[in-house]
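Have a look at the structure below before the remarks.
Values in this document were obtained by computation on a predicted structure and should not be read as measured data. Quick note on labels: first sequence line is chain A, next is B, and so on, each numbered from 1.
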Protein chains: 2
Amino acid sequence: MSIATVSLVVNGKADGRVSPGQQEVVRRAVADLGYRVDSRARELVTGQRSTVALLLPELSSPFFGYLAMGVSSVLGGGYDLVLAIAERRGGGAPDQLDRLVGARVGGVICHAPPDAALRGLGTLAAAVVLLDEPGTAWAGPSVLFDLGGGADSLAAHLLDLGHRHIAYLTPEPDSPTFSLRRAAVLRHFAAGSGGSAIELRAGNDFDAAAAAIRAVAAVGRLNGRSAIVCGTDDQAYGVLLALAELNIAVPDEISVCAFNDLPHSRVVRPALTSVALPARRLGSCGAELLLEVSAAERAGRRWTSHPSVVPTALAVRASTGAAPRRS
Amino acid sequence: MSIATVSLVVNGKADGRVSPGQQEVVRRAVADLGYRVDSRARELVTGQRSTVALLLPELSSPFFGYLAMGVSSVLGGGYDLVLAIAERRGGGAPDQLDRLVGARVGGVICHAPPDAALRGLGTLAAAVVLLDEPGTAWAGPSVLFDLGGGADSLAAHLLDLGHRHIAYLTPEPDSPTFSLRRAAVLRHFAAGSGGSAIELRAGNDFDAAAAAIRAVAAVGRLNGRSAIVCGTDDQAYGVLLALAELNIAVPDEISVCAFNDLPHSRVVRPALTSVALPARRLGSCGAELLLEVSAAERAGRRWTSHPSVVPTALAVRASTGAAPRRS
DNA sequence: CTGAAAGCGCTAACAT
DNA sequence: ATGTTAGCGCTTTCAG
C-alpha cells in the first residue's frame, strides 16, 4: 500500500485503478488511525482555495450574526469560513488583509470595509464581493438592499399619517448605506413639498442615540417635529429610551421608525415600525455570488453583472401613528 | 538573491547573515511585487498552527456575537479565526470537525457542542477549551460563568420581594448551562421552604416562549405564580410579549426575570431584570486560556487546572416588583 | 555572507 | 492494478 494509493482512495479516484481489496485495506487503516488529509498540503499542490473570509466591522448587532449565518449556510461543509472583525478603533484592517492574502483565501465577503481596507481589497488576487455598499467606486460584484424602495415605503407611510416635519437621526461615522437611507427618506420631506427635516448624528448604539435626543430636546429643537426616523434599529431603541425618560408619548406626540427590523423591534415598547433588511439573505446571496464569481474567474472569464438586490419590506408597528395636530 | 535569502529577510532572521544591501533589495522587491509568504506552505514545514476555530451553535443572538468579538480581540492579528456554526438541525457537526482536523487548526474554542461533536473533540489533537459547559464529563480546560452566584442573587432578589411561588421557563433542547441555571434557582423555592415552582419548557426564542406562556395561562396553571424566571433573555422577551397580549401587568401581577442581560433588556418594556452573563469576557478568557494551553502543550507539559470562572451580576430593573398579596 | 539541497504532506503524471 | 517520481512554496541545515 503506497502513499499514492491512499491518496487515490481518500479522494474517491480509485474507481478502476485500485483493487476493491486494497480499497478496503486503506479505508480500514484510515479509520483506525483517524487519518485526515492535510488540506493545506493538498491545496498547496492542487492550487485550489477552500477558504473564504468574511470581513465585518463588528458582531454585536444581531444583524451581523444573521449575515454570518447566511454566509455559513451556503458555504456549508465545503469551505472554511474565516472571520475577520475590523473593529474600527483598532485600525487593524490592513493587518487583517495581510493575513488573508497570506492564507491564500479563495474569496472575501465584505461589509462596510474601512476605506483603507477597501483599497487593499483590490490587491487581493481573490474574488471579492461587497455587501450593502451602494454607489461607491466599487465596480465589482456586490449585493445590495433595495434601500430606495424601503425608504419610499417608509416615507409614504409617514406622509399618509400626516407627518410633514421630521428629524432624521443618522449613524456616525457615516457610510454609503447610511447616507443612501438618509437621502432616500429626506427627499420626501424636502422644503419645496411643504415638508421639512432636520438632521441629527450620533454613534450607532443605544446610548449615543439617546444622548443625542436628550441634547436636542433640551434646546427645543424637537418642537414641531412629529416623527423621528433613524438609520438603524439600534439608534431607534436609544431614541425610545430617551423619549420615555422625557415623558414624550410615542406615537401620540412623536412617531419613531427606522431601518433593519431586528427581531427585538417586535418586543420593545411601543413595538418599532421598521424597514426590514433581511441580513440572512444578504449573507446567503453574497456567498452564492462569491461562488459564482470565483468559478468564473477560475474558468478565465471575468465576471460582470449588475449588483444583486435583495428586497426590503416595511413592517408597520405601534411606534408610528397619526401626526398630532400642530399647535 | 536566492529564495532562501528572501525567506531570511521576510522572517526577520537576517540579522548578521544577509548584507544590509541585499536586505534592502529584497525588501523593495517584496513591496513592488506585493509578495506575501504563503502561510500554508510555511506551516507545512514549520509545523506551527496559526489558526483557531470557534465552534458555535448559532449566531443570531448578540450573546454569541459578543463572545466572538471577545475571542477575536485577544487573538488579534496573530491567528486566523475560523468560524464553525453547528446549526443543530443540520447535524453537520461531524463534518465541521472533520474539516477542522483537515485544516490542522491549532486550537478550538467551543460553546455548547452537540454531543456528537463533544466526543469528536477528543480526537482533535489540538488544544480545546470549552465555554459555559458546566459539570460535564469534560475534564479539560474550560471557562465557566458563576451561574450559581448569579442564580443566588436572583433568587434572593425575588424572595426579598415576597415571591414564593414561581414558574421556571427553561430552553429546550436542554443543555448543561441551562440545567444548572434552573437547578440553582429552583432549590431556593423548594417545597420544604414554603415555596413552590412549576417547570415550563420551550424553544429558545421569542415565539416559542410566548406560545408556551399562552398555553399555560389558558389552562390556568399560572394562577398563584407571582414570578416567571427564564433561562435566557430571549425567552423572557417572548414571555413579556405573551403577558402583554393577555393583559397581565408586569410586574404588578407577575414579575419576569432571566439570565443573560443582553443590551436589549434595557429597552424592552418593562425593562428586564436579568443576571448579566458577560459574553465578551467569556470569549476573551477562553481565547487567553487556549493560548496558554497550547503553549503548554507545545512545551510538552500537560495543562491542568480548575476552570476559570467569570463573575456574574444581577441587573435589577422594572420587570420585577413586589409579589401581589395572594388572593 | 550567500546559495544549493532536503523535505514538510500531499497529488498527478508516469512507469512498471 | 500498483509503485515511483516530481514538484506545490516554503524553511532550514549545510557547503561554499
Side-chain angles (χ1 to χ4, degrees), chain A residues 1-51 78-80 98-106 123-126 294 297-298, chain B residues 1-51 78-80 82 98-106 123-126 294 298:
Chain A
M1 173 174 63
S2 87
I3 212 171
T5 310
V6 176
S7 178
L8 289 178
V9 173
V10 299
N11 289 343
K13 294 179 179 170
D15 301 2
R17 319 180 38 171
V18 176
S19 70
Q22 278 285 28
Q23 296 204 27
E24 252 321 287
V25 175
V26 171
R27 255 183 264 286
R28 184 141 43 226
V30 165
D32 288 354
L33 304 187
Y35 167 84
R36 303 287 106 150
V37 176
D38 185 326
S39 57
R40 302 168 304 175
R42 190 223 294 278
E43 289 179 24
L44 196 54
V45 42
T46 61
Q48 55 171 237
R49 275 102 201 274
S50 70
T51 122
Y79 295 80
D80 282 326
D98 268 14
R99 294 198 63 67
L100 297 182
V101 333
R104 301 297 190 268
V105 296
T123 333
L124 207 49
S294 64
E297 276 184 5
R298 227 172 302 124
Chain B
M1 171 175 64
S2 86
I3 211 171
T5 309
V6 176
S7 178
L8 289 179
V9 173
V10 300
N11 289 343
K13 294 181 180 169
D15 302 1
R17 319 180 34 169
V18 177
S19 68
Q22 277 283 31
Q23 296 203 27
E24 250 322 286
V25 175
V26 171
R27 255 183 263 286
R28 183 140 46 224
V30 165
D32 288 354
L33 274 357
Y35 167 86
R36 302 288 106 150
V37 177
D38 185 327
S39 58
R40 301 168 306 175
R42 189 222 292 279
E43 288 179 23
L44 197 54
V45 42
T46 60
Q48 56 171 232
R49 276 101 202 274
S50 70
T51 121
Y79 295 80
D80 282 326
V82 350
D98 269 15
R99 293 198 63 67
L100 297 184
V101 331
R104 301 295 191 268
V105 297
T123 333
L124 209 48
S294 64
R298 229 171 300 122

So does A126(A) get a backbone contact from the side chain of E297(A), meaning a donor-acceptor N/O pair under 3.5 Å?
no

Applying salt bridge (charged side-chain N to carboxylate O under 4.0 Å, His left out) as the test, list every pair that has at least one member in residues 40-50 of chain B; sequence neighbours left out.
R40(A)-E43(B), E43(A)-R40(B), D38(B)-R40(B)

Any donor-acceptor pair under 3.5 Å from Q23(A) side chain to V9(A) backbone
no

At what distance, to the nearest 0.5 angstrom, does OG of S2(A) lie from CG of L8(A)?
8.0 Å

Is it true that, when you exclude L33(A) itself, more than 12 heavy atoms of the residues, nucleotides or ligands shown sit nearer than 6.0 Å to its CG?
yes

Using a cut-off of strictly less than 4.0 Å between a heavy atom of the residue and any atom of DNA chain D, enumerate the qualifying residues of residues 7-28 of chain B by number.
S7(B), N11(B), K13(B), R17(B)

Could I get the full list of side-chain contact (heavy atoms from CB on, under 4.5 Å) partners for R298(B), not counting sequence neighbours?
S294(B)

CZ of R104(B) to OG of S50(B): how many Å apart, nearest 0.5 Å?
14.0 Å

For nucleotides 4-8 of chain D, print each protein N/O atom paired with a nucleotide N/O atom at under 3.5 Å, atom names and distance only.
from: dC8(D); atom 1: O2; to: V45(A); atom 2: N; distance (Å): 3.4

Under 4.0 Å between a side-chain N/O of R104(A) and OP1 or OP2 of dC10(D), yes or no?
yes

Outermost nucleotides of DNA chain C that come under 4.0 Å of a non-hydrogen atom of chain A
dG9(C) to dA12(C)

Whole angstroms only, please: what is the CZ-C1' distance between R40(B) and dG9(D)?
9 Å

Can you pull out how bent the helix from dC1(C)-dG16(D) to dT16(C)-dA1(D) is, comparing the axes over its first five and last five pairs, to 10°?
50°

One should read off an interatomic distance between T51(A) OG1 and D80(B) CG, to the nearest 0.5 angstrom, of 7.5 Å

Between S39(B) and A103(A), what is the shortest heavy-atom contact and its length?
OG-CA, 3.3 Å

